[in-house]
Amino acid sequence: MKLSLKTLLIISFSFVIVISMSIISMMTYYSMKTNMAEQSYKIMQNISDFAVDKSKTYMNVATDASNLTRNLENKDVISMNNEKELVSYFYEQMAINQYFSGLYYASPDGSFLMLSKDNNGYLKKKININDDGRRVVKLSHNDKNMNLEKEEILTNDKYEPRLRAWYINAVQHQRSAWTEPYVFYTTKKTGITISTPIYNNKNVLLGVIGIDIEIESLSTFINNLKLGDNGKVFLINKSLKILSLPSEKNKIITMESLEKSSIIKLAYNELKKQTDVKSIKNKLFLTFKKGDNTYQAMFLPFKIGELQWTVGMYVLEDDFLGILKNNNIFNILFIIIIGFISLFISLKISNYISSPILKLRDMTKKIELLNLNQSDVHPNPIKEINELISSFNNMKINLKESYLDTLYRLAVASEYKDNDTAEHINRIGLYAETIARRVGLPEDEIYILKHASAMHDIGKLGIPDRVLLKPGKLNEQERKIIETHPAIGAAILKNPTSDIMKRGRDISLYHHEKWDGTGYPKGLKGDEIPLFARIVSIVDVFDALMSKRCYKEAFSENKSKDIILKGKGTFFEPKIVDAFEECFEELVKISKENS
């Protein structure tokens, strides 16, 4: 008796699925809780190791700073009498080490020389002590090549280097010393200072070298690390300054200044309950509550030279439990699929089943993204599978026609009041297709561009008729209103699922950006503008020039061409303008045939 494929699969698969699910369910029941806890700790451990490695790598600049100070001790440039050589050496070191924001040298008599970065170049500050004890403070503004731009005398300057923490620490310890993190006065960025005393061969103090090192980018990196949907990673030092949080009014946030309800503070308070925070040497996992929510936290202390820092993190327990539960379900389904494939192979029917099923699976994934420009799946000798393939191919064709028709009608709706609707949209797609092919884009990309370009002015649905259809020149307020249509279009196409809609959203949002950065809404420049938007920008302007509008007559072919060419390198990308010029006759033909 011959069995149909459906009957054979039902009998065979049912048996395998029942056995497989029974085994998987038993194993999952006993191991899921343990695995969840282990996995959450592993993830936290990996993130903490990553944060520590990043911090150590970043702070290798501290080693450079120490080497610099030792080198300076051995060079004959450590002298206020050697100002030119000393400034030159400071400039050289700041150029090599991008995280150095300032280098300075202070003498016991109060004289001082500093070189620091500012937005335009470098500031050089010099304090001289005259023989009569009077201070003369001179501030020089220099460009990035240390060429003098401006020089001024500061008559009311009260800066006293010998009273600064970096100077006092170096003299007291008689060796290199690190300051607490603080906000630099000149750059207003968070950083630390390493200072080293300089002595002569008779152990008499000659002065103190100070080096400012910015840690703002490290703080931003740590602050942006994500741990689940509700987790956070933070970095604290031994004085409980939270280095990963932005400073407030030139003051770094401390643990004590956080509100009692702050999750960071709750995690730290739980740490204090379990151990002496000053003596913690190894990583510590803990659990704490806030309201009805349970959190897991971890603290990992580490050292970078003399710096003692701690990476802390917390995560909502349900975040990991939910993720792991979903992963567990996925694993069960994956095992079942493997069982199916193994059964097919053992029954020696893979040649009839696996190939078309795999093709259908691949095609389904593409259809999930509405990537419908795919060739049909070939027929199969098995009756049921062949019927499935035929139905699938028909479904794909119908879905493609329905999807493109809906997309087209939506685009027509956006242009209905403003342009010659269907013809304008059709021309834009054909123009874009022609230029894209001349630029050398692959056919899949050309297909997406052709249909996505229809979305370029979808945002005009949100523009009032009084502005959109005004026959004369727009005033400033009306211009601002019309310039909101890219953002409106992006909002209409928010969270797209298909490649066409994703690219359509980009085109809608960015097709009024200009190559030189003078466009809107974001002022993007050059390659920052998506390629599809750059192409549609040209063809949209070209079609507008060639078309009659409520506020103007149509321009001639040559005048339209000249306007586009004049925008090369300013409004439009030069490479795309070249492609436009090469296929200009073809574009004119498209315009005439579709008007």
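Source: prediction; values computed, not measured. Along the sequence shown, residues are numbered consecutively beginning with 1.
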- Item | pair Lys150-Leu139: side-chain heavy atoms closer than 4.5 Å | no
- Query: Can you find a heavy atom in the side chain of Arg437 that is under 4.5 Å from one in the side chain of Glu443?
  - Reply: yes
- Query: Taking side chain as C-beta onward, heavy atoms only, is Phe571 less than 4.5 Å from Ile538?
  - Reply: no
- Message: For Glu476, is the CD atom crowded, meaning more than 12 foreign heavy atoms sit under 6.0 Å from it?
- Response: no
- Item | Atom pair CZ (Arg534) and CD1 (Ile529), whose distance is rounded to the nearest 0.5 Å | 7.0 Å
- Message: Can you confirm if the aromatic rings of Phe299 and Tyr314 lie within a centre distance of less than 6.0 Å?
- Response: no
- Checking Asn223 side chain against Ser219 main chain: does a donor-acceptor pair fall under 3.5 Å? no
- Message: Using a strict threshold of under 4.0 Å (side-chain N to carboxylate O), is an ion pair present between Lys589 and Glu585?
- Response: no
- Message: Side chains of Lys241 and Glu180, heavy atoms from C-beta outward: is any pair under 4.5 Å?
- Response: yes
- Got Thr193 and Trp178 here, is their nearest side-chain heavy-atom distance under 4.5 Å? no
- Task: Go through the steps to decide whether His511 and His485 satisfy the test ring-ring contact (aromatic ring centres under 6.0 Å, His included), and finish with yes or no.
- Result: CA-CA 11 Å; His511 74 285; His485 81 272; 5.7 Å; yes
- Query: Would you say the side chain of Ile264 lies within less than 4.5 Å of the side chain of Ile236, judging by non-hydrogen atoms?
  - Reply: no
- Task: Spell out, as yes or no, whether a donor-acceptor pair under 3.5 Å connects the side chain of Asp118 to the backbone of Asn120.
- Result: yes
- Does a salt bridge link Lys460 with Asp457, judged by any charged N lying under 4.0 Å from a carboxylate O? yes
- Query: What's the verdict on side chain to side chain contact (heavy atoms under 4.5 Å, CB included) for Lys514 and Thr570, showing C-alpha distance, side-chain angles and the deciding distance?
  - Reply: CA-CA 7 Å; Lys514 296 177 181 178; Thr570 54; over 6 Å; no
- Task: Check whether the side chains of Asn142 and Ser140 place a donor and an acceptor atom closer than 3.5 Å, and report yes or no.
- Result: no
